[in-house]
Structures are given as C-alpha cells and as structure tokens.
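Below is one structure; the comments refer to it alone.
Per chain, numbering begins at 1; letters A, B, ... match sequence-line order. Scope of the values below: all heavy atoms of this structure, side chains included, with no hydrogens, waters or symmetry mates.
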Protein chains: 4
Amino acid sequence: MLQDPHSMDHKKEKQAAIFEAACSVIREKGFHQARIVDIARHAGISYGLVYHYFGSKADLFDAISKEWWDGLYAMMDQCESQPASIDDRLAMIVNYFLDLYERRPNLVHVFIAEISRSTANLTPARLEFFTRFFDRTERIMAGAQDLGTLRKDVKPRYLTYIFLGALEGFISTMVMGEQLLKGREQRKRIARGILDVFFYGASASGQD
Amino acid sequence: MLQDPHSMDHKKEKQAAIFEAACSVIREKGFHQARIVDIARHAGISYGLVYHYFGSKADLFDAISKEWWDGLYAMMDQCESQPASIDDRLAMIVNYFLDLYERRPNLVHVFIAEISRSTANLTPARLEFFTRFFDRTERIMAGAQDLGTLRKDVKPRYLTYIFLGALEGFISTMVMGEQLLKGREQRKRIARGILDVFFYGASASGQD
Amino acid sequence: MLQDPHSMDHKKEKQAAIFEAACSVIREKGFHQARIVDIARHAGISYGLVYHYFGSKADLFDAISKEWWDGLYAMMDQCESQPASIDDRLAMIVNYFLDLYERRPNLVHVFIAEISRSTANLTPARLEFFTRFFDRTERIMAGAQDLGTLRKDVKPRYLTYIFLGALEGFISTMVMGEQLLKGREQRKRIARGILDVFFYGASASGQD
Amino acid sequence: MLQDPHSMDHKKEKQAAIFEAACSVIREKGFHQARIVDIARHAGISYGLVYHYFGSKADLFDAISKEWWDGLYAMMDQCESQPASIDDRLAMIVNYFLDLYERRPNLVHVFIAEISRSTANLTPARLEFFTRFFDRTERIMAGAQDLGTLRKDVKPRYLTYIFLGALEGFISTMVMGEQLLKGREQRKRIARGILDVFFYGASASGQD
DNA sequence: GATGAATGAGTGTTCATTCAT
DNA sequence: AATGAATGAACACTCATTCAT
C-alpha cells in the first residue's frame, strides 16, 4: 500500500510529514523566522513541494491552527455531551492539555507561542475560535454554579479566565522552559494541583 | 522652555515618544510586522531619527523589554521588602498588573504578545528574567507555606504557576479581546475574583 | 544540450556570467559604487539570482579575489618548478600579466584598482596573499643572486619591489588610461622594455 | 595671535586639523568607509563643523587630492627648472616621494590607495593630473635620451612607466604593509637601489 | 563659529512564491 | 510528483547633508 505513490495514503503521509516539520521549525524559530526552506529541509523534501501540498505559508499555518482547534473542540464536544460533575469536566480539559503536550509538544508549543498570542494577524474569524472556546467553558462554569457546585459570587466568565489562565500558565511555563513532563506520576500531580487549587483554594484552610 | 533641542529633557521626551509609538505599532502589528517607518510615522518623525535615539529595531525592543522588567522588579522589591500577609503581597502583584494595564495598555500588550511568548529568540539571558520573577514569587509562596498560611500539599512552584497563570490568563484575554478595564469598580471585582479563587477556591463550599 | 538548468554545466556557466558581469561593473564603478542590481542587470538576470549563486556582495568579491590569486599562484608554481634562467622566469611573470590583461582586462583591472590597494579591508588573511607572492618572487631573485646572475649589492627584497613595481606600474597605467594592448607586437615591445631595463638598466651604456 | 578665533590663522588651523584627520581616517578605512563623523571625531570637533570648512565630503577629498598634486607639481617645477643630470633629476623625484612618506605618511597612503587607483570616479579632469605628471616625466626621459644619457631603444613613455612604476611599487608595498622607513640610512639604501637598478640594471654584469 | 537633531535617498539582503523541466 | 532556478517586493540600516539654535 505504502509503495504506491499515487494512493491517498501517500499524499496524506507526505502532508503529515510536512505538517510535523512545520510545527517543529515554527516551534524552534517562531512563525516569521521559520522559512519554507527550513520546513522542507526538515521534512526531507524540496521546498517547491511544500507548495504542492500546502498552497502557501499562511495556509500551512492555518492547517496547524485548524488541527489545534479541531482537537480542542472535539474534546469539548465530549466534555459537554455527557452528564458529569464539574470536577470531572474540568479534569477532562486539564488532562487533554497535558496529554496533548506529552504526545505532540510541538503542536502545543506552536499554539502557545504563535496562535494564542498573535494579536498581529488576529482577524475576527480567528478571534472567534477563542471566543467560542471561552463561551463553552463559561457555560460549563455557569452550569455548575446553577447546580450549586461552584460559588456564585464570581462571574462565570471570570472563573473561566482564572481556570484557563492557570492551565495555560502552567503549559506556557513548560513550553518556555522546554520542560517535559517526566512520567505519568508528575502529570497527575500537576493535574491534581491545578484542580485542587481551583476548587478548594491555595489557602491552608482549604486542605484540612 | 522645551524649545532647546539639546537639553536632556528634550532628548528624553523624544525618546519616550518613539518608545510609545513603538509600543503602539508593535501592539497593532506584532514585532515583525512593525516597520521602523510605521513607528517613525506614528511618532511624527522621519525614520532616520529612530536610529538616532535607538540603535536598531532590536535595541528598541530591548528597551521595551527593559522597561517592563524594571517596573516589575521594582514592584517585587517593594513587595518583598516589607512584612505583609500573603494576601497583601499577592494583591500587590495583581493590582500592579491591572494598574499598569490601565495606565499603559500598549506596554502590557507588547509584553503579553511579544515578550512573554517569544520562544523564538529566547536567549538564556532573556529566560533569566522570567526565571528570576518566578523564583521570587515562589519564595513568597514558600514563605507563606512556612507560616502556615498556604497549603503545603502543592509545591510552591506549582502555586506560582497557577497564580501567575491565572493572572496572566486574565490579562491576556483582555489584551487579546482588546477589552479595556471599565472603571475602578470592575478592576476591584477582577482583583477580588482572582485572589478569592486562588485563596479559597471556586468550589461553592469556599464561599461559606 | 544546455537547456537543462539543473546540470552542473549550466550552473557553472551562470556563475561565470555573473562573475564576469561583476568584474565589468566593479571595473566601471568601483566596488562600493557597484550595486548588485547593476551586476544583475549586466548579467541579464534578476538581482535575487545573484544571491542564489553567490552568498553576498563580499562573497562575490572574494570569488574574484580567489580567481586572481589562484591563477597567479598556478603560474608561479610553473615558474618555480622547472629549471630556467632568471631571464626566462621573469619573462614568464611579465608575459603572464600582459597575457591576462589581453584576455581578461576586467579581472586585471579589478585587481589593480580594488584588490591591490584596498588597505581598508586588508585583513591579515588578505595580506598573506601578497606577502606569499612577494616571498616567492624574492626567492627567485635570491636564487639568481646565488648563481651570480643578479647583482648582490641590492637586497633581493628590493629587487622584487622594483621588478613587480615596474610591472604593476605599467599595467596600472594601461588600466587607468583604459588603454588596450594593440596587438602582439606592442606586447612584445613592452615585455622587452620592462625586462631589458630591469636587467641592463636604462642607462645608455647598458645597451652597448 | 592664536587666541583670536576670528583670525585667518585660526581658520587655517582648523582646516588643517580637519584635513589631517581626514587623511588619517581615509587611510585607515578607505574613502567610502570613512564617515564624516569619524573625521570630525578624530579632529575633535562636531561633524557639522566639517561642512563649515569644507563644503562636502567630495570637496574634502578634492582638497587632499589638490594638496598632493600641488606638492608634486611644485617639485616637478624645481626638477625641470634647473640644469641637472638625469641621475639628479630622478633622484630628486625618488627622494621627494620617500621624504614625503616620512613626513606625511597619511597623505601618501591616501594617494596610493585612493587617488592613484580610483578608476571609479576618474573624470577626465582627474585623469589629466596623471597624464600631465607622466608627460613631464616623459619629457625628462626624452631629454636624457637626446643627450645620449639614456638608452634610445626603449620609448621614453615606457621608461617613464617603468621608473615611476618601480617607485610607486616600492611606496605601495610600504603603505600596504604599513612599514615605516627606519631611519635615514634605510631611505638612502632604498633610493640607491631604485636608481641603481633603473640606470644600470639588476643584472650582475651591471655592477662590475 | 559651533552643535547635533533631523531628514531621506540609497542599497544589501531575505524569502515567499512561481514555473519550466 | 518533484526539483530548484528565477523573480522581485519588502525592509532594516547607513550616512551625507541641512539647518535651527
């Protein structure tokens, strides 16, 4: 199957290879410093071929962006589809991020460093992705407030910012410092820490 | 009085004007898209003059970076110098950020979007600024744990990430959405929200 | 046959074309006045292509420099390798210069006007090329002194300076005045003049 | 007298200071690399003042050029005005160059490196200076041929090129290698070498 | 006379993109 | 599909020159 260069698989494989190379190079040098030549070289192909599989540098970036948001929204679909406690729901989000960082650190890195902060090219369309994600998280928070599981004196929007901010802050720091998650154990501890503090606070009284 | 172009004041003013123009343009277009011409035009001068006051585009960026860190470290000095409860200390940090965002949104924006995530050109020297800031915050957290004010079952480093992450997440969202703080009242509510959730948790039990 | 732009030959030809264009433009305007656009235009290509074949303007200049020294040293190798009288050896040097000026006046011009006098950027490495050439010529002179063919009361180093100076002076003047060698006859007369005067002096008694 | 800043002397002194600074900087960096700022700094004044005393960078260069040619022609006047043997006349020229190099190495350096080879901006007017100098030297050579002191089988023009070439070659080498004349003794030996070889040849038979 | 802030033409270089092979 | 030669828009930066003070 893989021998046939005309198969759909072959095309997808090549595309995926370029995709990964792009993530890797963009992670290392940033979007603007990442040259098409670098990406092609990293993928082991000629740079002309990049244009065969992706129309332009911007398209390549859009593909990465899409990959990120598709995955995130798929997780959110699952998160909201079934009845679950607020603890479980937020745990699902936290674990999704940590999981993804273990499996595809380059993708997460690119999101953190390039997508999440690129005010520069932040078209309304791009902003929409963020807004929708925040809205859905807010809905989860609001639902838990309605059920009486979350405190009501802080706006659900604020809870969203705090929760996602704490999570992203954690990821960012790992990304910035290039620290890798060392094993399942550490990941659990981190997830536990974030969720515990978010639910019960950092105050000493919270742990008793 | 200000007519004398040779006076020290005049020089500082011009430099400050270019500085602000740079923040503004970089905020709008991102560092790489920000052309020196744009900055000059925004400051109402010829672009050659930018090079008279700042050696290069990188120098200009370094100046912005320095401005940010100088301010932040000055605040941290104050924060650590006097005896205070953990609540007061963290409130000081939160308020510093929110304050600065009110007074100099462009500077904060540039930090959030360009400095805090520029993994690309993250030299060890630049990383050092972050590390030191995290270290100092961690020390505050650890101190409060020793005093029994903060829970001990979460590493002080993690508490740091969660706290600063939540704070930065909040700021980021404002920055990304170009939302301005609407009045002292809203700022207080936000500060209260972040600190409350961090200390006592988002759980409904925390508010009782 | 030459249609294949990927062949080695094609590449070498293009490079050579740019090389010659560079010599020509540099000859006409001097190194600093020679713009890459000029060179490209002269070679009938876009200026971006110059960077495809040569890394930078400096590289282009280095290539010219290398071409010059390679040729000169190859001649010197031949000059020193076989047993020959001092007359023949120096004749070989003189003829090499005059020959080259006929075949590649631009190259000689660039050497005379740009390389041989660029004290400005005279790195130790560049100086080395001159020193080695002088050293080898000096060795030839010293050898002839040992054999009793050249007078011993003038240091071989001085003889070198005088001989090469006279030769270069001649070439320079042609270069400066843009005079072309008019035929084999004139070239012979010039070579004869330089060698005769060097060996037997300009004094009237020398010709008897 | 020197106290009066309005005196002619003061102006001339300032001009001379700038002139010397220009020679020095141009010698060190070449004409195109020599910035007005460098020259001003070297002269201990502000760069604006350079424009007060010299109209432009080109004017400054012209002044240097004029200084060179004025001196040279003054010497030639003397050389030709009185009856003298060809030996004495050529000795006068040789000594003039060596003398000047001792007294004003920067000026000589600038001539060798910048004026004598600047084909780039070689206007007919500039070329005229060279031509006239060569013509006058040629006339001296021709005169000696008529008197039977110099061999007639080499064109006087060629003798000129050979003689001045040898002389300039010597100077150039000193200039390039930054070798300074070490004392009166060495200068005499060099002058003797150049003249001896020019008159009697380098051949061993010439010295017997 | 003296200063240096201000200007902007000029140019080397990069790199996304196209396209002939 | 695959290659890489070819193109040229875009931009940082330099520096001679002017001129208000």
Spacing between [X] atom [atom1] and [N] atom [atom2], to the nearest angstrom:
X	N	atom1	atom2	result
C:Ile45	F:dT7	CD1	C1'	10 Å
D:Asp59	F:dT17	CG	P	8 Å
C:His32	F:dC15	NE2	P	10 Å
D:Ile39	F:dT17	CD1	C1'	14 Å
B:Lys12	E:dA5	NZ	P	15 Å
D:Lys57	E:dG10	NZ	P	16 Å
A:Arg35	F:dG4	CZ	C1'	15 Å
B:Leu60	F:dC11	CG	P	16 Å

Can you tell which of [options] lies closest to the side chain of [X]?
X	options	answer
A:Leu49	F:dA12, F:dT3, F:dA16	F:dT3
D:Ser56	E:dA6, E:dG12, F:dT17	F:dT17
A:Tyr51	E:dT18, F:dA1, E:dG1	E:dT18

Discussion item. Go nucleotide by nucleotide along DNA chain F from the 5' end; which of B:Phe31 and A:Val50 gets its closest nucleotide reached first?
Written reply: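 First, find each residue's nearest nucleotide; the 5'-ward one identifies A:Val50.
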Discussion item. Please classify the nucleic acid contact of A:Ala34 as base, sugar-phosphate, or nothing, using heavy-atom distances under 4.0 Å.
Written reply: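 Sugar-phosphate only.
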Fill in: Flag for A:His109-A:Glu28: side-chain donor and acceptor within less than 3.5 Å
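The criterion, which ignores hydrogens and geometry beyond distance, is not satisfied for A:His109 and A:Glu28.
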Worksheet item: Ignoring hydrogens and angles, does a donor from either the side chain of C:Tyr47 or the base of F:dA9 sit under 3.5 Å from an acceptor on the other?
Response: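 Indeed, a donor on one side and an acceptor on the other fall under 3.5 Å apart.
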Worksheet item: Given that both distances must come in under 3.5 Å, which nucleotide forms a Watson-Crick or G-U wobble pair with F:dA1?
Response: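 Matched F:dA1 with nothing under the 3.5 Å cut-off.
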Would you tell me if any nitrogen or oxygen in the side chain of [X] comes within less than 4.0 Å of OP1 or OP2 on [N]?
X	N	result
A:Tyr53	F:dA2	yes
B:Lys14	E:dA6	yes
D:His52	E:dA2	no

Worksheet item: Start at the 5' end of DNA chain E and walk down; is the nucleotide closest to C:Gly48 or to C:Ile36 reached first?
Response: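 It is C:Ile36, whose closest nucleotide lies nearer the 5' terminus.
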Fill in: Side-chain donor or acceptor of A:Lys11 paired with backbone N/O of A:Tyr53 under 3.5 Å
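Flag not set: sc A:Lys11 to bb A:Tyr53 has no pair under 3.5 Å.
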Practice prompt. Measure up the C:Trp69 and C:Phe129 rings against each other and bin them: parallel (under 30°), tilted (30 to 60°), perpendicular (over 60°).
Written response: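 C:Trp69 vs C:Phe129 ring planes: parallel.
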Item to complete: Answer yes when D:Lys57 and D:Asp62 have at least one side-chain N-carboxylate O distance shorter than 4.0 Å, and no when they do not.
Response: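 Salt bridge: no.
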Discussion item. Whether C:Glu114 and C:Arg27 form a salt bridge (side-chain N of Lys/Arg under 4.0 Å from carboxylate O of Asp/Glu) is what I want to check.
Written reply: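 Looking at C:Glu114 together with C:Arg27, the answer is no, because their closest N to O distance does not fall below 4.0 Å.
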